[in-house]
S.K.: 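Below is the structure I would like to discuss, written out as structure tokens.
Here the structure is a predicted model, which is why all the values come from computation and not from measurement.
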Amino acid sequence: RTQSESLECRVTLPPSRSLIIRFRKAKTSPDPFPIYVENPGRTIDLTGSWSLSWTDPSGEFRTHRIEDLGSWTEIPGLESFSGTVAYETEFDLPSEQSRQLWRLDLGTLHESADVFVNGSNVGRVWTTPNQIDLLSGLVAGKNHLRLEVINLLANRMIALERDESF
């Protein structure tokens with residue numbers, strides 16, 4: 001909001017969160033950022049199976065299904081994998097809730113994740129508290145969630161030090 005010759009912007013950040021704010025003299029496009037929103041307070045558990053997919057170091061496309069969401073480093077054969085693994089699931093959203101703000105909480109995340117809802121990229125999560133507001137893209141009924149989780153090269157380097165095959 002503007003106050004005479006100055007501009008005021010309310011920002012609330014959780015611990016360890018960062019934000020880049022850019023000011024321009026002239027507005028050239030619609031503002032892509034939401035108005036300030038308090039914690040929505042609504043939750044939905046994304047229980048059920050998840051499909052994981054990745055390309056291994058030999059270039060082979062791999063898939064794996066898990067029933068409980070967790071780190072791929074807990075899956076036999078993936079302990080030393082470094083790179084990107086896509087986690088995908090589907091969930092239903094009642095009609096009256098599809099137009100509300102939802103906050104996706106990824107919990108523990110190593111190191112970042114690109115978030116897609118129904119095929120649309122809604123942002124990247126890379127700092128604690130590992131949450132992202134889902135401002136658009138959700139529909140009444142079945143929704144598809146894809147998390148492209150990217151870790152560091154450390155797992156691969158540790159495996160090479162141990163002379164593991166992966």
Side-chain angles (χ1 to χ4, degrees), residues 1-3 7-24 27-55 61-75 78 81-152 154-155:
R1 114 186 123 142
T2 58
Q3 294 288 343
L7 180 68
E8 294 180 10
C9 177
R10 179 179 176 180
V11 176
T12 302
L13 297 174
S16 301
R17 181 60 63 97
S18 63
L19 177 68
I20 297 171
I21 300 175
R22 181 172 70 177
F23 295 96
R24 296 182 227 175
K27 191 171 184 176
T28 58
S29 63
D31 189 357
F33 300 104
I35 59 170
Y36 179 79
V37 178
E38 295 288 341
N39 186 342
R42 294 175 298 277
T43 62
I44 185 171
D45 289 327
L46 299 179
T47 57
S49 65
W50 289 76
S51 172
L52 278 62
S53 59
W54 68 98
T55 302
F61 182 75
R62 306 277 185 189
T63 62
H64 183 80
R65 184 163 293 282
I66 56 176
E67 293 305 317
D68 296 311
L69 187 59
S71 173
W72 77 61
T73 60
E74 299 169 3
I75 299 171
L78 276 178
F81 181 75
S82 290
T84 303
V85 173
Y87 289 73
E88 297 182 73
T89 193
E90 291 186 336
F91 62 96
D92 289 317
L93 200 57
S95 178
E96 66 276 2
Q97 295 178 344
S98 66
R99 291 176 296 281
Q100 297 174 351
L101 170 70
W102 287 92
R103 182 164 293 147
L104 179 63
D105 184 345
L106 298 178
T108 302
L109 175 67
H110 302 285
E111 296 299 323
S112 68
D114 291 326
V115 179
F116 298 82
V117 174
N118 297 319
S120 295
N121 186 331
V122 296
R124 175 171 289 157
V125 178
W126 59 278
T127 62
T128 59
N130 299 320
Q131 298 174 344
I132 188 169
D133 289 343
L134 304 179
L135 301 169
S136 63
L138 294 171
V139 297
K142 192 165 293 296
N143 286 272
H144 182 87
L145 176 64
R146 178 181 174 96
L147 308 172
E148 293 182 0
V149 179
I150 306 142
N151 74 350
L152 300 177
N155 288 356

S.K.: Flag the pair Trp72 / Leu52 as yes when at least one side-chain heavy-atom distance between them is below 4.5 Å, and no otherwise.
M.R.: yes
S.K.: What's the separation between atom CZ in Arg62 and atom CD1 in Ile75, rounded to the nearest 0.5 Å?
M.R.: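 Going from CZ on Arg62 over to CD1 on Ile75, the span is 13.5 Å.
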S.K.: Could you tabulate the donor-acceptor pairs under 3.5 Å formed by side-chain atoms of residues 142-152, not counting sequence neighbours?
M.R.:
from: Asn143; atom 1: OD1; to: Asn118; atom 2: ND2; distance (Å): 2.8
from: Asn143; atom 1: OD1; to: Val139; atom 2: N; distance (Å): 2.8
from: Asn143; atom 1: ND2; to: Val139; atom 2: O; distance (Å): 2.7
from: Asn143; atom 1: ND2; to: Gly141; atom 2: O; distance (Å): 3.1
from: His144; atom 1: NE2; to: Glu88; atom 2: OE1; distance (Å): 2.6
from: Arg146; atom 1: NE; to: Glu148; atom 2: OE2; distance (Å): 2.8
from: Arg146; atom 1: NH1; to: Glu88; atom 2: OE2; distance (Å): 2.8
from: Arg146; atom 1: NH2; to: Glu148; atom 2: OE2; distance (Å): 3.2
from: Asn151; atom 1: OD1; to: Gly83; atom 2: N; distance (Å): 2.8
from: Asn151; atom 1: ND2; to: Phe81; atom 2: O; distance (Å): 3.2

S.K.: Side chain to side chain contact (heavy atoms under 4.5 Å, CB included), that's the test. Do Asp68 and Trp50 meet it? Break it down for me.
M.R.: CA-CA 7 Å; Asp68 296 311; Trp50 289 76; over 6 Å; no
S.K.: Can you list everything that forms a side chain to side chain donor-acceptor pair (under 3.5 Å) with Thr73? Sequence neighbours excluded, please.
M.R.: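 Checked Thr73 against side chain to side chain donor-acceptor pair (under 3.5 Å); matches are Ser71.
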S.K.: Quick check: closest heavy atoms across Asp114 and Arg124, and the distance to 0.1 Å?
M.R.: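 Smallest heavy-atom distance, with atoms named: OD1-NE, 2.5 Å.
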S.K.: Determine the minimum heavy-atom distance between Ala140 and Ser95, stating which atoms define it.
M.R.: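 So the two residues come closest at CB-CA, 3.5 Å.
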S.K.: Is the shortest heavy-atom distance from the side chain of Asp133 to the side chain of Trp102 under 4.5 Å?
M.R.: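 Of all side-chain heavy-atom pairs linking Trp102 with Asp133, none is under 4.5 Å.
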S.K.: Any heavy-atom pair between the side chains of Val115 and Val125 that's under 4.5 Å?
M.R.: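 The answer is yes; the side chains approach within 4.5 Å.
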S.K.: Around atom CG of Asp92, are there more than 12 heavy atoms from other residues, nucleotides or ligands closer than 6.0 Å?
M.R.: yes
S.K.: List the atom of Tyr87, the atom of Gly70, and the distance in Å for their closest heavy-atom pair.
M.R.: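 Minimum heavy-atom separation between Tyr87 and Gly70: OH-O, 3.0 Å.
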S.K.: Do Val117 and Leu138 come within less than 4.5 Å of each other through their side chains, counting heavy atoms only?
M.R.: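 In short, these two side chains touch, coming nearer than 4.5 Å.
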S.K.: Is a donor on one side and an acceptor on the other found under 3.5 Å between the side chain of Asn130 and the backbone of Gly107?
M.R.: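 Yes; at least one donor-acceptor contact below 3.5 Å.
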S.K.: Any side-chain heavy-atom pair from Leu46 and Leu104 closer than 4.5 angstrom?
M.R.: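 Counting from C-beta outward, Leu46 and Leu104 do come under 4.5 Å.
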S.K.: Can you check whether Thr63 reaches Arg65 side chain to side chain, under 4.5 Å on heavy atoms?
M.R.: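 Heavy-atom side-chain distance check fails, nothing below 4.5 Å.
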S.K.: How would you list, by chain and number, every residue that makes a side chain to side chain donor-acceptor pair (under 3.5 Å) with Thr127, sequence neighbours excluded?
M.R.: Arg17
